[in-house]
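Data block below; observations after.
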Amino acid sequence: MKTNLQQLEQSMAQTPSFDGNPAQLIELTNRQGMSVVFMDIGATWLSCTLPVSGEAREVLLRSPNMAEHMQQGAYFGAVVGRFANRIAKGQFELDGKQYQLYINNGENSLHGGLEGFDKRRWSVIEKDSQHVVFRLHSPEGDQGYPGNLDVQVTYTLTDDNALQIAYLASCDQSCPVNLTNHAYFNLAGEASGAKSLDHHLQLMADAYLPTDAGLIPNGELKPVAGTSFDFTQRKEIGSQFLAEPDQKTAGGYDHAFVFRPEVTDGSAVAAVLTAPEKDVVMKVKTTKPAVQLYSGNFLSGTPGQSKEYDLYDGLCLETQYFPDGPNQPQWGVNRGVLTLGESYQHQTVYQFEF
């Protein structure tokens with residue numbers, strides 16, 4: 001019987017990717033029997049299997065093969081950049097100069113533009129059985145962004161079942177930089193039939209960012225208290241689903257939640273996701289000020305590993321700076337603008353308990 005890695009290599013690494021060459025896959029394993037697989041295309045987190053009740057449970061959504069991976073617009077497991085989430089009309093002003101990015105989401109720029117980091121081949125510069133380091137150079141003018149940007153992403157799988165993602169970047173000009181991983185989780189199992197709405201979630205977030213119809217934040221930091229966006233106590237994601245206009249605009253949850261500052265030190269638990277049967281728990285720790293909760297509102301019709309995905313078959317918890325930050329100066333350091341001479345250093349940890 002083929003191993004998970006062998007199956008993945010057959011489906012993802014035997015046909016050409018965006019640049020005409022096959023992908024390279026890297027598997028990390030730990031002493032507990034947990035396994036994660038990455039791909040150099042997009043520095044993508046392709047697979048995450050947990051030994052639950054004696055069986056290997058795949059908890060990430062993905063495409064069934066490379067051809068479909070290149071067609072999908074869900075960003076399955078990829079590192080997205082230069083700027084995760086949306087920038088209004090793909091425009092921003094920085095140091096007195098106007099910039100126009102590629103438009104790829106209605107009238108806005110999403111996840112770095114038409115050819116974002118998810119479609120690039122990253123260099124593997126270091127690897128062993130429990131960590132791998134990817135590197136990418138983004139030249140000046142890439143998708144309309146200023147400056148030459150160098151990015152490094154390190155994935156480390158620990159023996160206590162945590163996947164640590166460390167981001168490092170520098171640029172020779174001031175530039176918006178907002179990197180995240182776009183993994184879709186279904187803790188009941190990719191093929192389980194359970195929905196994102198069946199999961200329980202707790203977010204240490206007292207505010208969220210309401211959006212317009214194009215999912216661009218309107219600039220307000222709105223308290224979650226008394227709204228369907230209140231996840232300060234653990235609750236089922238579907239319990240107040242589509243209960244308010246702010247959700248109906250997005251077809252569900254597709255909003256940035258603003259973490260309490262005390263949980264953004266990289267070691268405090270900022271979010272807890274619990275499987276429908278409560279047999280798997282995922283705790284999120286991060287140095288980022290916010291997380292985009294996306295309940296899978298646009299997944300319908302996307303070919304997946306076990307089936308064609310439907311609405312809400314998985315969910316994302318994308319740690320990030322505030323969406324459209326370059327156009328919202330009132331947000332200060334949470335805008336996601338890396339100034340010349342500064343180093344971009346962030347970490348997010350997904351810790352699994354089962």
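FYI, side chains are in, hydrogens and waters are out, and symmetry mates aren't considered; it's all heavy atoms of this structure.
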#### Entry: Minimal non-hydrogen separation, Pro146 against Ser174, with atom names
CG-O, 3.6 Å
### Query
Take atom CD in Gln71; do more than 12 heavy atoms of anything else shown fall under 6.0 Å from it?
no
### Task
Could you tell me whether the side chain of Asn108 and the main chain of Lys89 form a donor-acceptor pair under 3.5 Å?
yes
### Query
Do the side chains of Arg62 and Thr44 get nearer than 4.5 Å, heavy atoms only?
no
## Note on the structure
What one should report as the nearest heavy-atom pair of Asn21 and Arg121 is O-NH2, 2.8 Å
### Query
Side-chain contact, heavy-atom cut-off 4.5 Å: Thr287 with Gln345?
no
### Task
For Leu209 and Glu220, work out which heavy atoms get closest and say how close.
CD2-O, 3.6 Å
### Task
Decide if atom CD of Glu55 counts as having more than 12 heavy atoms of other residues, nucleotides or ligands within a radius under 6.0 Å.
no
## Note on the structure
Smallest heavy-atom separation, Gly314 atom then Leu299 atom, equals N-CD1, 3.8 Å
### Query
Is there side-chain contact between Asp279 and Arg57, with at least one heavy-atom pair below 4.5 Å?
yes
### Query
Given side chains that start at C-beta, do those of Phe259 and Val284 come closer than 4.5 Å, heavy atoms only?
no
### Message
I'd like to know whether CD of Glu277 has more than 12 heavy-atom contacts from other residues, nucleotides or ligands below 6.0 angstrom.
### Response
no
### Message
In this structure, would Val36 and Ile41 fall into the same cluster of hydrophobic residues linked by side-chain contacts under 4.5 Å?
### Response
no
### Task
Search all heavy atoms of Ala78 against all heavy atoms of Asp118 and return the closest pair with its distance.
CB-CB, 3.5 Å
### Query
Around Gln233, counting heavy atoms of other residues, nucleotides and ligands shown, do more than 12 lie under 6.0 Å from its CD?
no
### Query
Could you state the interatomic distance from CZ (Phe231) to CD (Gln240), rounded to the nearest 0.5 Å?
7.5 Å
### Message
Given 3.5 Å as the limit, does a donor-acceptor pair link the side chain of Lys235 with the main chain of Asp230, or not?
### Response
yes
### Task
Could you tell me whether the side chain of Glu107 and the main chain of Ala88 form a donor-acceptor pair under 3.5 Å?
no
### Task
Walk me through it: do Arg260 and Asp206 pass the test salt bridge (charged side-chain N to carboxylate O under 4.0 Å, His left out)?
CA-CA 7 Å; Arg260 299 167 189 155; Asp206 295 325; 3.1 Å; yes
### Residue from Thr29, Leu25, Ile26, Thr49 passing side-chain contact (heavy atoms from CB on, under 4.5 Å) with Val37
Leu25
#### Entry: Distance (rounded to the nearest 0.5 Å) between His182 NE2 and Phe76 CZ
9.5 Å
### Task
Taking side-chain hydrogen bond (donor to acceptor under 3.5 Å, both in side chains) as the test, write out the residues that go with Gln32, two or more places apart.
none
### Query
Does Glu190 reach the side chain of Tyr309, with side-chain heavy atoms less than 4.5 Å apart?
yes
### Query
Is there a path from Leu221 to Val224 through hydrophobic residues (I, L, V, M, F, W, Y) whose side chains come within less than 4.5 Å of each other?
no
### Query
Going by the angle between their ring planes, with limits at 30° and 60°, are Tyr208 and Phe257 parallel, tilted or perpendicular?
tilted
### Task
Look at the side chain of Glu58 and the backbone N and O of Cys48, then say whether any donor-acceptor pair between them is shorter than 3.5 Å.
yes
### Query
Does the side chain of Thr302 pick up a donor-acceptor pair with the side chain of Gln72 at under 3.5 Å?
no
### Message
Hydrophobic clustering (ILVMFWY, side-chain heavy atoms < 4.5 Å, transitive) - are Leu179 and Tyr184 grouped together?
### Response
no
### Message
Assigning hydrophobic clusters by single linkage (Ile, Leu, Val, Met, Phe, Trp, Tyr; side-chain heavy-atom cutoff under 4.5 Å), is Tyr75 placed with Leu315?
### Response
no
#### Entry: Asp40 (side chain) donor-acceptor with Gln24 (main chain) under 3.5 angstrom
yes
#### Entry: Whether Gln7 side chain and Asn4 backbone form a donor-acceptor pair below 3.5 Å
no
### Worked check of side chain to side chain contact (heavy atoms under 4.5 Å, CB included) between Leu201 and Leu317
CA-CA 10 Å; Leu201 180 65; Leu317 290 169; 4.2 Å; yes
### Message
Phe229 vs Gln247, test: side chain to side chain contact (heavy atoms under 4.5 Å, CB included). Steps then yes/no.
### Response
CA-CA 9 Å; Phe229 291 82; Gln247 274 199 71; 3.7 Å; yes
### Message
I need the Thr274 OG1 to Glu236 CD distance, nearest 0.5 Å.
### Response
11.5 Å
### Task
For the pair Glu244 (side chain) and Ser228 (backbone), establish whether a donor and an acceptor sit closer than 3.5 Å, ignoring hydrogens and angles.
yes
### Contact check, side chains of Val291 and Thr286, non-hydrogen atoms, under 4.5 Å
no
### Gap between atom CZ of Arg335 and atom CG of Asp324 - 0.5 Å precision
10.0 Å
### Query
Under a 4.5 Å side-chain heavy-atom rule over Ile, Leu, Val, Met, Phe, Trp and Tyr, are Leu215 and Phe83 clustered together?
no
### Query
Do the rings of Trp45 and Tyr350 sit parallel, tilted or perpendicular, given the 30° and 60° boundaries?
tilted
#### Entry: Check: Asn218 side chain, Asp212 main-chain N or O, donor-acceptor pair, under 3.5 Å
no
#### Entry: side chain to side chain donor-acceptor pair (under 3.5 Å) between Asn30 and Asn161, intermediate numbers included
CA-CA 7 Å; Asn30 71 7; Asn161 301 316; 2.9 Å; yes
### Residue pair Leu187 / Leu50, side-chain heavy-atom distance below 4.5 Å
no
### Message
Please check this pair: side chain of Arg82 against backbone of Asp142, looking for a donor-acceptor N/O pair closer than 3.5 Å.
### Response
no
### Task
Answer yes or no: does atom NZ of Lys283 have more than 12 heavy-atom neighbours from other residues, nucleotides or ligands under 6.0 Å?
no
### Message
Between Phe117 and Leu149, does the side chain to side chain contact (heavy atoms under 4.5 Å, CB included) criterion hold? Intermediate values first, please.
### Response
CA-CA 12 Å; Phe117 292 176; Leu149 182 75; 4.0 Å; yes
### Message
Is the distance from the ring center of Tyr321 to that of His346 below 6.0 Å?
### Response
yes
### Query
Are Lys119 and Met70 close enough, and set up right, to give a side chain to side chain contact (heavy atoms under 4.5 Å, CB included), and what steps lead you there?
CA-CA 8 Å; Lys119 295 178 177 63; Met70 291 193 291; over 6 Å; no
### Query
If you take all heavy atoms of Cys171 and Leu340, which pair is closest and at what distance?
O-CD1, 3.7 Å
### Query
Got a donor-acceptor contact below 3.5 angstrom from the Gln347 side chain to the Gln164 backbone?
no
### Query
Does atom CZ of Phe354 have more than 12 heavy-atom neighbours from other groups under 6.0 Å away?
yes
#### Entry: Distance, nearest 0.5 Å, that separates CD of Gln292 from OG1 of Thr180
9.5 Å
#### Entry: Euclidean distance, Phe92 CZ relative to Tyr145 OH, rounded to 0.5 Å
6.5 Å
